[in-house]
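Here the structure comes first, spelled out in structure tokens, and everything after it is commentary.
A quick note: this is a predicted structure, and the numbers were derived from the prediction, not measured.
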Amino acid sequence: MRIAMRIALATSAIMLALGAAQAQEKVVKIGTEGAYPPFNNLTADGKLVGFDIDIAQALCDEMKVKCEFVAQDWDGIIPALQAGKFDAIVASMSITEERKQKVDFTNKYYNTPSAIAVPKDSALKGVKKEDLAGKTIGTQSSTTHFNYASKTFTDSTVKPYPTAQEYQLDLANGRLDAVEDDIVVLSQWLETQDGACCKLLGQPEPQPVDIFGEGAGIAIRKGDTELKDKLNAAIKAIRANGKYKEINEKYFKFDVYGADS
């Protein structure tokens, strides 16, 4: 009887300890857009997928915390972070001086250039300001791409869209002359049935750092240095241990991290 009681007490103690450990498990809430494939997207059944999602999960695993993902419209994603809806933004957000006034950033976790796509039957031959004069260019609003297009193509009409899918639809249906976005986003769209309408015209040069920033980083609330340091250490770790390469090769044929900095 005593042995049975001791076993029961020991079992109860273990269960309580496990319960307490689970209750104390650190959770990091990650905000992302869910409308920017292949980096982040919502599937038909409401699941978040993409490069950003896999990288965020790898970082959480490296930090030994639990990831919880929250889908958030792009235009409201920084205010939602500031309001505490989530702890970090992993949504292909470019590190820019303007955004640094509102949030802190980790080091970059990738850096890819911008490009311009047009319908396959387009007569356009170049991607300079004069080549696109008088044309209507679509791009996603509140992004570095919109800022770049607005500043560069001043002889064109730059039309903002809430999501990449919406400008892609208008280009496919002949309502735009061209679109500007990340080269990976455009290239992968062009490989789909929906993107069969169109082609990559080229990469505008130069790609100004004052607009496009240092690459895509993870945004956190101002002053959250503990989380920033942990994320930076985790980015470095997954680059070193091969996890980043594994995720990269799942989505891309080249290293999207860009040059070491």
Would you check if the distance from the ring center of F212 to the ring center of Y148 is below 6.0 Å?
yes
Less than 3.5 Å apart, any donor N or O on the side chain of E62 or Q57 sitting next to an acceptor on the other?
no
When clusters are formed by joining ILVMFWY residues with side-chain heavy atoms under 4.5 Å apart, either directly or through shared neighbours, do Y161 and L186 land in the same one?
yes
Between K85 and Q72, is any side-chain donor less than 3.5 angstrom from a side-chain acceptor?
yes
Q207 atom CD, neighbour heavy-atom count above 12 within 6.0 Å:
yes
Would you please test Q203 and E205 for side-chain contact (heavy atoms from CB on, under 4.5 Å) and show each step?
CA-CA 6 Å; Q203 282 180 232; E205 294 290 348; 3.9 Å; yes
Output field: ring centroids Y36/F51 closer than 6.0 Å
no
Distance-only donor-acceptor check, side chains T192 and D194, under 3.5 Å:
no
Is any side-chain N of the basic residue among D131 and K125 closer than 4.0 Å to the acidic one's carboxylate O?
no
Determine, for E246 against K250, whether the closest basic-nitrogen to carboxylate-oxygen distance falls under 4.0 angstrom.
no
Do the charged groups of R239 and D255 touch, with an N to O distance under 4.0 Å?
yes
Are F39 and Y110 near enough that their ring centres are under 6.0 Å apart?
yes
Would you say the side-chain atoms of Y167 and D181 include a donor-acceptor pair closer than 3.5 Å?
yes
Pair D182-T112, side-chain donor/acceptor within less than 3.5 Å
yes
Can you find a side-chain donor-acceptor pair between T163 and E166 that sits under 3.5 Å?
yes
Is atom NZ of K199 surrounded by more than 12 heavy atoms (other residues, nucleotides or ligands) closer than 6.0 Å?
yes
Between T152 and K129, is there a side-chain donor-acceptor contact under 3.5 Å, judged purely by atom types and distance?
no
